[in-house]
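If you're wondering where the values come from, they're calculated on a predicted model, not measured in any experiment.
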Amino acid sequence: MLPADPEATRQVQEWLAEEGYSLYGIEHDFRGADLAGGDFSGSWFTQADLAGVRLAGASFYRADLQSADLTGADLTGADLVRANLDEAVLRSARLDGAKMSRASLCDVDASGASFRGTNILGASLLDTDMRGADLTDAVLYENFFEIKVDDSTVVRGLTGTVFGPITVFSGESSRELAGAELESWINARGGQIEVVPPRRPPR
């Protein structure tokens with residue numbers, strides 16, 4: 001299914017016609033499309049509108065999705081290894097089982113998103129809003145994990161190692177948790193993580 005927007009449709013048709021073509025979708029509107037299983041490695045979706053788009057099983061290896069609107073998008077099982085998602089909107093998106101090794105999610109709104117069983121390895125999550133998100137059985141490994149959570153954030157089965165701190169919101173108040181306090185907060189909610197000494201984020 002092609003996007004409703006003619007220019008976005010042209011880009012998708014060029015991508016379909018030429019094997020290995022990196023789609024240039026900067027600021028384009030892809031709503032209404034079904035792009036499940038597509039190989040968009042190295043493609044550009046900067047500031048693109050992908051709200052509600054089906055992207056299950058698609059590959060975005062090293063793709064640029066900075067400031068893209070992925071509200072409600074289906075990214076189940078997607079390859080987001082080394083993808084740039086800085087300042088993207090992932091509200092209520094589904095990323096269950098996605099691969100997010102070395103991905104960058106700085107200043108991202110992922111509130112209400114689902115990360116069930118997602119591999120988030122060596123990624124940078126800085127000032128990422130995960131209030132109401134579901135991290136059930138997600139796997140972490142030495143991630144910069146400076147996220148915002150609240151009591152509705154699900155961390156049951158969350159495992160691995162992280163650098164903190166996280167910010168926990170409760171009503172109008174918030175508190176920052178690091179080290180043993182961060183471990184206790186997650187582990188008391190069914191997770192099993194270890195907070196390791198922080199390093200400087202990669203530039």
Side-chain angles (χ1 to χ4, degrees), residues 46-47 60 62-71 73 75 78 80-203:
T46 313
Q47 297 182 328
F60 293 94
R62 288 190 180 275
D64 193 311
L65 292 143
Q66 183 168 352
S67 301
D69 185 354
L70 291 148
T71 301
L75 287 148
L80 290 157
V81 174
R82 295 187 180 273
N84 176 15
L85 287 151
D86 293 349
E87 300 177 359
V89 179
L90 290 165
R91 282 193 301 268
S92 302
R94 181 179 297 173
L95 297 104
D96 300 343
K99 299 176 181 64
M100 301 185 73
S101 299
R102 302 290 180 184
S104 183
L105 291 88
C106 301
D107 300 310
V108 168
D109 181 357
S111 54
S114 182
F115 295 88
R116 297 174 66 92
T118 303
N119 286 309
I120 311 172
L121 313 177
S124 295
L125 285 76
L126 303 174
D127 198 27
T128 300
D129 191 344
M130 289 190 153
R131 284 175 282 189
D134 186 350
L135 289 153
T136 299
D137 296 330
V139 180
L140 311 173
Y141 178 75
E142 294 193 356
N143 295 296
F144 292 97
F145 206 58
E146 297 179 15
I147 65 172
K148 300 172 184 175
V149 299
D150 59 14
D151 287 335
S152 66
T153 303
V154 180
V155 293
R156 185 176 55 255
L158 179 67
T159 59
T161 55
V162 300
F163 315 116
I166 69 171
T167 303
V168 180
F169 287 81
S170 180
E172 298 297 318
S173 63
S174 65
R175 59 194 174 110
E176 192 173 273
L177 299 180
E181 282 188 316
L182 172 51
E183 288 182 1
S184 295
W185 189 89
I186 290 179
N187 296 349
R189 288 160 175 77
Q192 190 62 49
I193 63 113
E194 177 186 359
V195 178
V196 294
R199 298 184 285 107
R200 289 183 61 84
R203 297 293 182 187

Backbone of [Y] reached by a side-chain donor or acceptor of [X] within 3.5 Å:
{"X": "Ser184", "Y": "Glu181", "answer": "no"}
{"X": "Asn84", "Y": "Leu65", "answer": "no"}
{"X": "Asp150", "Y": "Arg131", "answer": "no"}
{"X": "Gln66", "Y": "Asp86", "answer": "no"}
{"X": "Asn119", "Y": "Val139", "answer": "no"}
{"X": "Asn187", "Y": "Ile193", "answer": "yes"}

If only side-chain N and O atoms count, and only distance matters, is there a donor-acceptor pair under 3.5 Å linking Thr46 with Asp64? yes

Identify the two heavy atoms, one from [X] and one from [Y], that lie closest to each other, and give their separation to 0.1 Å.
{"X": "Leu80", "Y": "Ala98", "answer": "CD1-CB, 4.5 Å"}
{"X": "Ala110", "Y": "Thr128", "answer": "CB-CG2, 4.5 Å"}
{"X": "Gly132", "Y": "Ser152", "answer": "CA-OG, 3.2 Å"}
{"X": "Phe60", "Y": "Leu75", "answer": "CE1-CD2, 3.9 Å"}
{"X": "Asp96", "Y": "Phe115", "answer": "OD1-N, 3.8 Å"}
{"X": "Leu135", "Y": "Thr153", "answer": "CD1-CG2, 4.3 Å"}

Under a 4.0 Å N-O cut-off, is there an ion pair linking Asp127 with Lys148? yes

